[in-house]
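Here's the structure we're looking at; comments come further down.
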Amino acid sequence: MINEKSRVRFAPSPTGYLHVGGLRTALYNYLFAKKNNGTFILRIEDTDRNRYVEGAVENLIKAINWAGLNFDEGPEAGGDFGPYMQSQRLHIYKKYADELIAKGKAYYCFCTPERLKTLKEEQEKQKLPQAKYDKHCLHLSNEEVEKNLKAGIPKVVRLNVIQNHTIKFDDVIREHVEFESNNIDDQVLIKSDGYPTYHLANVVDDHLMKITHVIRGEEWLSSTPKHVLLYDAFEWERPIFAHLPLLLNPDKSKLSKRQGDVAVEDYRDKGFLKEALINFVALLGWNAGDDKEFYYLDELINSFSLERVNKSGAVFDLQKLHWLNAEHLRKKSIAELLEMLKTEIQKSKFKSQNYSDNFLTLVIEAMKERVSFIKEFIDTCPYFYEAPTEYEQKAVEKNWNIETPEHLKKLKEEFASLNNPTKEDFEHSLTKVSEELNLGKGKLIHPLRLAVSGQSTGPGMFDLLFILGKDEVLKRIEAAIKKISV
RNA sequence: GGCGCGUUCGUCUAGUGGCUUAGGACACCGCCCUCUCAAGGCGGGGAUCACGGGUUCGAAUCCCGUACGCGCUACCA
């Protein structure tokens, strides 16, 4: 291990989408690799033919790339140890399974599913502490095995777990962990369809691909002793294990589809920034030990260490994600926001309108501090894009009285006299009118805002007037006077 | 049931024997700013550090037990 470059892998099974927990696992692997000048590998664990999903691998890669993580080796990135699809490596697993059988560390099992089922039921009836395979086929003679093989009887290969042995291993996050071998089943290594199970494929591939650190979810901790047994049986050096805490639902169960969005595609489609998702997910189970909460990916690489990963599960808290999204949005340049807003407009009902960059830039500057999502540059302030068709009822009741139309008419006249008014010009005019009427500026501003935007909240009044422009403002005041009645 | 892992404000967490009347962040509440809403600033409530025993002059921090939660317990990963 000394002087060897770190090599880590993200090894998902292709279920059709990228789980946010998977994203975090991928991220920690990526951060670890980049921090240590190592290699980040994608390996697809597609050994369950029943769960094959069309297009899943492409989706997975797309989602991870969207998040900004790139692989150094993998199905698309290439590399010296491929193929990186386990379904294409069947002959390799077979070879190693044979090696294990020859060593007596594994054996053929011809038991039918029916026998296995009744065995399990009997064991449960006897209230045995641990239901396990009874090693029945381990005791078959060589002749019987040969005979069954020749006859083509369906078979699996099982790991021959030795008894009365304590299996010990170290984990960067859990420290020292021990299991009694008597509690471990003679795990199937090769299924009757010839495909390997996760346990065999995983260990063989991690070894062959020279993986130095196995960084994966805590749900794998319980099967790690099986993996350790395999490494020992092959007489291979074990990798360093790091089992990550789980991501949790608000009720503390393992984060699942049933209780909300779980696919990174869902968050992407809802308008979350990749920067925010990455930042958020990085902080679920890890921190640098300081008070820093806002991170970009390259900063995470700098600060990351496996030793500082927490032990306990973390609830996926949408509120904090929202906050981070707003924070990252505000840190974006006007130019970036402009591009994003333009594509957002293409998805909106205003797509046929042709707004100038200049106009949209003004909208962005006015709204930047007031939004958490790009789409809110449209949704929360539609009045920039079209005249209000209705007026917030509560605000009408509060700010519109019998004298309001007169006041607005006066304002309108004053505005009409302006030539190419700036924001300051609008303000001077309003101040002038408020003095003439002997009214507080607020008494004019609130109804004016309502008339011009239909809403009671929004950016600074004079910014709003300036962005809309004199002609539009005059038109809207006129319309409001006609439409709003007390 | 068995095995394993975990347990600090509602949530994410800092904390590795005295600096802690347990710190920060999100959320919540109030005040300031102010034409509104945000943003920003200031402040507040909120954790008997799961519980019970030890060890120690001293424990959230070390040890033991209990409880609770979660994970695994497939020819799924």
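Note that the structure is predicted; figures quoted are calculated from it, not measured. Lettering follows sequence order; numbering is per chain, from 1. Values below: all heavy atoms of this structure, side chains included; hydrogens, waters and symmetry mates excluded.
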Quick one: [X] [atom1] to [N] [atom2], roughly how many Å, whole number?
X: A:K132; N: B:rA74; atom1: NZ; atom2: P; answer: 13 Å
X: A:D317; N: B:rG10; atom1: CG; atom2: C1'; answer: 9 Å
X: A:L464; N: B:rC37; atom1: CG; atom2: P; answer: 15 Å
X: A:L248; N: B:rU7; atom1: CG; atom2: C1'; answer: 12 Å
X: A:E369; N: B:rG41; atom1: CD; atom2: C1'; answer: 14 Å
X: A:L246; N: B:rU7; atom1: CG; atom2: C1'; answer: 15 Å
X: A:E219; N: B:rG6; atom1: CD; atom2: P; answer: 16 Å

Does any nucleotide pair with [N] by Watson-Crick or G-U wobble geometry, both distances under 3.5 Å, and what is it?
N: B:rG58; answer: none
N: B:rU7; answer: B:rA67
N: B:rA22; answer: none
N: B:rC28; answer: B:rG44
N: B:rC49; answer: none

So what does [X] hit on the nucleic acid, given a heavy-atom distance under 4.0 Å: a base, only sugar-phosphate, or nothing?
X: A:F179; answer: sugar-phosphate
X: A:E45; answer: sugar-phosphate
X: A:V177; answer: sugar-phosphate
X: A:P14; answer: nothing
X: A:N310; answer: sugar-phosphate
X: A:T457; answer: base
X: A:K292; answer: nothing
X: A:V156; answer: base
X: A:R174; answer: sugar-phosphate
X: A:S456; answer: base
X: A:P459; answer: base
X: A:E124; answer: nothing
X: A:T380; answer: nothing
X: A:C111; answer: base

Contact list for RNA chain B against residues 253-264 of chain A - heavy-atom distance below 4.0 Å: A:S253, A:K254

Are the charged groups of A:E45 and A:R43 less than 4.0 angstrom apart, N to O? yes

Polar contact flag, side-chain donor to acceptor under 3.5 angstrom, [X]-[Y]:
X: A:Y198; Y: A:D48; result: no
X: A:T166; Y: A:E180; result: yes
X: A:S87; Y: A:D46; result: yes
X: A:S456; Y: A:H446; result: no

In terms of the nearest nucleotide of RNA chain B, which residue is placed more toward the 5' end: A:K127 or A:K155? A:K127

With RNA chain B as reference, determine whether A:K441 or A:V188 sits nearer its 5' end, using the nearest nucleotide of each. A:K441

Report the nucleotide, chosen from B:rC75, B:rU73, B:rG15, that has the shortest atom-to-atom distance to any side-chain atom of A:R308. B:rG15

Candidate nucleotides B:rG4, B:rU7, B:rA77, ranked by approach to the side chain of A:L221 - the nearest: B:rG4

Pick out which of A:Y295, A:F316, A:Y267, A:F272 makes a ring pair (Phe, Tyr, Trp, His ring centres under 6.0 Å) with A:F280. A:F316

Mutual orientation of the aromatic rings belonging to A:W286 and A:F304 [parallel < 30°, tilted 30-60°, perpendicular > 60°]: tilted

Check whether A:F294 forms a cation-pi arrangement with A:K331 (NZ or CZ under 6.0 Å from the six-membered ring centre, at most 45° off the ring normal). yes

